[in-house]
Amino acid sequence: MEHLTALRGFRDIYGEEIERFTLIERAARAYFQLLGYKEIEIPVLEKTELFKRSIGDTTDIVEKEMFTFTDRSGDSVTLRPEATAGIVRAYLQASLYAKERASRLFTVGPMFRHERPQKGRFRQFYQMDVEVFGIADPMADAELIWMVFLILGRLGVTNYTVEINSVGCRGCRDEFRKALVRFLESKKEGLCTDCAGRLDRNPLRIFDCKNAACFDAITDAPVIFDYLCDECRKHFDDCLGRLGAFHVPYVVNKRLVRGLDYYTRTVFEFTSPDLGAQKAFAAGGRYDNLVEEMGGPSIPGTGLAIGMERLALLVRELPPGQTPLYFLARVGEEAEAWLIPLLDAFVSSGMPLAYAQPARSLKSQLKYANSLGADYALILADEEVSKGIVLMRDMKDGTQKELPLDPAGLPRLVKG
RNA sequence: GUGGGUGUAGCUCAGCGGCAGAGCACCGGGCUGUGGACCCGGGUGUCGAGGGUUCGAACCCCUUCACUCACCCCA
């Protein structure tokens with residue numbers, strides 16, 4: 001009989017990878033706390049309408065990547081493809097804007113997109129998502145980028161680049177869009193079919209196309225950067241100035257755009273050449289109109305997402321276990337009876353005590369202890385039991401000493 | 001959704017028409033109470049699945065599934 005496997009793009013995360021996840025999360029949480037970010041848990045399943053309204057009807061995510069289905073009551077529901085929409089919904093539902101002048105929130109969890117899996121891309125993937133509501137000043141953008149910079153520093157990740165750009169506000173984006181469409185109409189023949197279609201619906205996305213022909217076509221295209229209004233330009237310059245003060249190195253990429261419609265002004269990406277084709281492992285930007293568009297008051301927002309799987313690929317070194325590992329080898333029935341009292345005593349003292357089950361030959365047990373990386377092996381056979389002692393073997397140098405067989409006192413004695 | 005690559009032991013892989021293999025891991029022994037180094041022994045398998053060609057298929061053909069990389073898209 002064929003055994004069942006997980007769905008394509010859905011994985012089990014365990015072993016070294018989950019240790020990397022834990023390491024990343026711990027580093028991130030430390031800075032979230034220092035900078036006043038509060039945790040929020042939001043549902044994995046939401047009304048489909050939420051994502052259509054926030055992410056944008058014509059984006060690829062909404063058009064062809066969402067896990068959308070009809071539930072038993074006939075409503076269209078969707079597994080969240082990203083977290084911002086849900087957090088905005090929660091922010092409005094809880095009327096947080098009326099309770100605090102600024103809200104700093106973060107959430108950690110799985111997202112779902114029905115894409116073809118490849119390196120660093122899965123259908124269920126994990127993000128740490130951070131959002132700031134109520135701060136129009138670019139300080140909030142800079143703070144977010146700096147925070148990622150700090151987390152990466154803590155994790156020892158160095159081979160990456162911060163790319164940053166501004167996509168402007170509604171006003172300058174409209175100006176730019178007109179100019180861009182005017183320009184591209186003249187180059188229409190050279191565009192790939194995808195981009196020809198984007199011309200009407202979402203011309204900004206043509207900048208993301210990796211097709212060589214399109215890349216050539218847009219070489220001389222106008223860039224949003226040159227169309228920024230005075231306020232947007234000032235916002236961007238201020239943001240860069242803040243990054244400088246934080247000593248965060250960055251590269252301005254005037255062609256950087258993002259795949260979600262709600263972004264305004266600041267957009268940024270952290271990329272690494274160590275990742276393969278999916279090289280962005282953290283990205284985000286400002287969304288000053290989103291809260292209002294979702295039916296709330298006019299409140300600015302800015303946020304980012306960190307891709308756990310991708311960042312985990314960049315975390316090279318795992319810290320070694322710091323507490324020594326003890327192992328109990330026992331031989332004979334008299335000795336076996338001491339397993340539970342000793343295990344109880346060690347664990348109650350916060351010390352790890354491993355053991356083989358079943359207890360085979362002493363040789364086999366020591367071999368097992370060695371494979372577990374035990375620092376010390378306690379050896380207990382009937383002979384020791386009758387003498388009221390236990391042997392403690394140092395697994396590094398092979399020296400042994402006798403200790404009294406006393407569960408209550410042994411954990412402390414063993415520590416030395 | 002499209003294209004390329006790969007599916008053989010727990011893991012990494014060799015074998016590419018003639019008995020199913022290696023290294024590592026694992027188990028046992030040398031050492032009946034002492035791990036790591038060494039020596040000896042042990043193969044633990046629907047060769048991804050289904051069908052076809054053939055005296056004979058892990059190998060050739062068809063179908064299918066899975067994994068993987070890339071396109072696309074994105075964290």
Side-chain angles (χ1 to χ4, degrees), chain A residues 1-11 15 24 55 59-66 80-84 108-130 148 192-195 197-198 202 205 208-212 214 257-260 268-272 275-285 303-314 327 329-332 335 356 359-384 391-400:
Chain A
M1 188 168 67
E2 204 171 319
H3 59 262
L4 295 171
T5 57
L7 293 170
R8 161 171 288 162
F10 288 71
R11 310 180 310 136
I24 291 167
I55 297 168
T59 56
D60 281 9
I61 292 179
V62 170
E63 280 188 337
K64 50 192 186 193
E65 293 174 7
M66 296 205 302
R80 62 185 186 192
E82 56 105 52
T84 304
V108 182
M111 307 297 157
F112 306 84
R113 289 182 201 168
H114 196 280
E115 303 176 273
R116 191 76 169 257
Q118 71 183 79
K119 186 179 173 72
R121 189 175 78 183
F122 307 99
R123 289 183 174 181
Q124 175 173 338
F125 58 102
Y126 290 78
Q127 288 188 340
M128 289 189 296
D129 192 89
V130 189
V148 177
C192 69
T193 49
D194 275 351
C195 285
R198 285 172 177 145
N202 205 341
R205 299 218 44 76
D208 265 355
C209 189
K210 293 178 184 77
N211 185 301
C214 299
V257 293
R258 317 244 50 244
L260 291 72
F268 57 88
E269 269 183 14
F270 284 69
T271 64
S272 172
L275 284 179
Q278 310 300 322
K279 65 193 173 84
F281 61 92
L304 67 86
I306 298 170
M308 295 291 285
E309 288 86 353
R310 293 182 188 178
L311 181 49
L313 289 172
L314 299 176
F327 183 92
R330 64 276 181 221
V331 180
R360 277 190 273 232
S361 67
L362 179 59
K363 174 180 178 146
S364 161
Q365 291 185 66
L366 286 175
K367 200 169 181 178
Y368 183 50
N370 193 58
S371 73
L372 293 177
D375 299 286
Y376 300 95
L378 299 173
I379 299 172
L380 186 64
D382 293 352
E383 187 183 332
E384 281 77 28
L391 298 176
M392 183 171 84
R393 179 180 182 83
D394 185 324
M395 295 298 279
K396 280 178 207 46
D397 57 24
T399 58
Q400 295 185 173

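Excluded from the calculations below are hydrogen atoms, water molecules and symmetry mates; all remaining heavy atoms, backbone and side chain alike, are included. Chain A is the first sequence line, chain B the second, and so forth, proteins listed ahead of strands; every chain is numbered from 1.
Listed by chain and residue number, A/Arg330, A/Leu380, A/Asp382, A/Val385 satisfy the side-chain contact (heavy atoms from CB on, under 4.5 Å) test with A/Ala335 (two or more places apart in sequence, or in another chain).
Checked by distance alone, A/Asn370 brings a side-chain donor or acceptor within 3.5 Å of a matching partner on the base of B/G35. Judged by distance alone, with hydrogens and angles left aside, A/Gln118 brings a side-chain donor or acceptor within reach of the base of B/C72, the pair sitting under 3.5 Å. Side-chain atoms of A/Glu384 and base atoms of B/G33 include a donor and an acceptor less than 3.5 Å apart. Below the 3.5 angstrom threshold, one finds no donor paired with an acceptor across the side chain of A/Gln365 and the base of B/U34. Between the base of B/C27 and the side chain of A/Arg360 there is no donor-acceptor pair shorter than 3.5 Å.
Taking atom CZ of A/Phe122 as the reference point, atom C1' of B/A75 lies 12 Å away to the nearest angstrom. When the P atom of B/U2 is taken as reference, atom CG of A/Asp60 falls 16 Å away, rounded to whole Å. We find that NZ of A/Lys279 is positioned 17 Å from C1' of B/C69, with the value rounded to whole Å. Between the C1' atom of B/G28 and the NZ atom of A/Lys363 lies a distance of 9 Å, rounded to the nearest Å.
Here the side chain of A/Arg393 is nearest to one of B/A66, B/A75, B/U34, namely B/U34. Minimum atom distance to the side chain of A/Arg8 is reached by B/A66, of the listed B/A66, B/U34, B/G28. Closest to the side chain of A/Ala277, out of B/C67, B/C71, B/U34, is B/C71. Side chain of A/Gln278, nearest nucleotide from B/G36, B/C72, B/A70: B/C72. When the nucleotides B/G1, B/A75, B/U34 are ranked by their closest atom to the side chain of A/Arg116, B/G1 comes out on top. If you check B/G35, B/U34, B/U68 against the side chain of A/Leu362, the one that comes closest is B/U34. When each of B/G1, B/C67, B/A75 is scored by its nearest atom to the side-chain atoms of A/Glu115, the top-ranked nucleotide is B/A75.
Atom name C1', nucleotides B/G56 and B/C40: the rounded distance is 38 Å, in whole Å. Between the P atoms of B/U53 and B/G43, the separation comes to 36 Å (whole Å). Only the P atoms considered, B/G1 is 29 Å distant from B/A9, to the nearest whole Å. Taking atom C1' on both nucleotides, B/G42 is separated from B/A22 by 16 Å, rounded to a whole Å. Between the C1' atoms of B/U46 and B/A20, the separation comes to 13 Å (whole Å). Taking atom P in both B/G41 and B/U34, the straight-line distance is 23 Å, to the nearest Å. Here, B/C61 and B/G23 have their P atoms 31 Å apart, quoted to the whole Å. Using C1' as the reference atom, B/A14 and B/C47 are 13 Å apart when rounded to the nearest Å.
Heavy-atom nearest nucleotides on RNA chain B were determined for A/Glu383 and for A/Tyr126, and the one closer to the 5' end corresponds to A/Glu383.
Listed for the A/Glu309 side chain is a donor-acceptor partner under 3.5 Å among the backbone atoms of A/Tyr126. Checking side-chain atoms of A/Arg123 against main-chain N and O of A/Pro117 turns up no donor-acceptor pair under 3.5 Å.
Within a 6.0 Å sphere centred on CZ of A/Phe112, heavy atoms belonging to other residues, nucleotides or ligands number more than 12.
A salt bridge links A/Glu269 to A/Arg258: at least one charged side-chain nitrogen sits closer than 4.0 Å to a carboxylate oxygen.
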* Asked: Step by step, would you call A/Glu65 with A/Asp60 a side-chain contact (heavy atoms from CB on, under 4.5 Å)?
  -> CA-CA 7 Å; A/Glu65 293 174 7; A/Asp60 281 9; 4.1 Å; yes
